[in-house]
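A short write-up of the structure that comes next.
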Amino acid sequence: MNKLKEEFLNTELVKRIHSLEKVIDSNVELNNKLNTLKELQKKMVNSKEFNQINQYKVYKDEYDKLYTEVLEFPFVEEYLDLLEEANNKLLDICFIIENKINKELK
């Protein structure tokens with residue numbers, strides 16, 4: 001399992017994600033916006049959970065506006081696309097492992 005993890009972490013995909021994270025971490029303005037997005041996400045979830053539909057819409061509008069601003073940074077869209085790709089690869093790996101385990105158990 002450690003070998004699989006090491007191989008995944010050494011892919012070009014993950015290396016590029018890490019290099020973009022360094023750029024993002026060094027940009028104070030972008031970091032502030034990303035932190036605000038996370039807070040808005042939490043507020044959206046809470047307001048939806050407690051059936052506060054109007055408040056949810058307010059948070060969603062703020063989120064959408066800020067998300068658009070974040071995407072204006074040239075490397076952010078690439079970073080988000082790469083994260084999605086990496087997550088999909090991890091899901092595929094999990095699916096393969098789960099299938100092998102299930103076959104062994106049958």
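- Between Val45 and Lys48, every side-chain heavy-atom pair lies at or beyond the 4.5 Å cut-off.
- Ion pairing between a basic and an acidic side chain is recognised when a charged N comes within 4.0 Å of a carboxylate O; Lys33 and Glu29 show such pairing.
- Ion pairing of Lys60 with Asp64 is present here, as a side-chain N (NZ or NE/NH1/NH2) and a carboxylate O approach within less than 4.0 Å.
- The heavy-atom pair separating Val14 from Phe8 by the smallest distance is CG2-O, 3.2 Å.
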Test salt bridge (Lys or Arg N to Asp or Glu O under 4.0 Å) on Lys65 and Glu69; report intermediate values, then the result. CA-CA 7 Å; Lys65 182 178 183 261; Glu69 291 176 23; 3.5 Å; yes

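- Here the side chains of Leu34 and Leu30 are in contact, with some heavy-atom distance below 4.5 Å.
- The CG atom of Leu13 sits 4.5 Å away from the CD atom of Glu85 when rounded to the nearest 0.5 Å.
- The two residues Ile24 and Asn31 have their closest heavy-atom pair at O-ND2, 3.2 Å.
- Using a 4.5 Å cut-off on side-chain heavy atoms (C-beta onward), Val76 and Leu80 make contact.
- Between the CG atom in Leu66 and the CG atom in Leu71 there is a gap of 10.0 Å [rounded to 0.5 Å].
- In this structure, the separation between CG on Leu82 and CD on Glu84 is 10.0 Å, given to the nearest 0.5 Å.
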Could you check Val58 against Asn54 for side-chain contact (heavy atoms from CB on, under 4.5 Å), going step by step and ending with a plain yes or no? CA-CA 6 Å; Val58 170; Asn54 291 335; 5.8 Å; no

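- Using a 4.0 Å cut-off between a side-chain N of Lys or Arg and a carboxylate O of Asp or Glu, Lys43 and Glu39 do not qualify as a salt bridge.
- With a 4.5 Å cut-off on side-chain heavy atoms, Leu40 and Tyr67 do not count as touching.
- Within a 6.0 Å radius of OH in Tyr63, other residues, nucleotides and ligands contribute more than 12 heavy atoms.
- In this structure, Leu83 is not a member of the same hydrophobic cluster as Leu9, with clusters built from ILVMFWY side-chain heavy atoms closer than 4.5 Å.
- Leu90 CG to Lys5 NZ: the interatomic distance, rounded to the nearest 0.5 Å, is 11.5 Å.
- Taking the charged nitrogens against the carboxylate oxygens, Glu6 and Lys3 have no contact shorter than 4.0 Å, which rules out a salt bridge.
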CA sep, side-chain torsions, deciding dist, call: Ile96, Ile93, side-chain contact (heavy atoms from CB on, under 4.5 Å): CA-CA 5 Å; Ile96 291 168; Ile93 291 168; 5.6 Å; no

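- For the pair Ile17 and Ala86, the tightest heavy-atom approach, listed with the atom from each and the gap, is CD1-CB, 3.8 Å.
- Taking each heavy atom of Phe75 and Leu20 in turn, the nearest pair found is CB-CD2, 3.8 Å.
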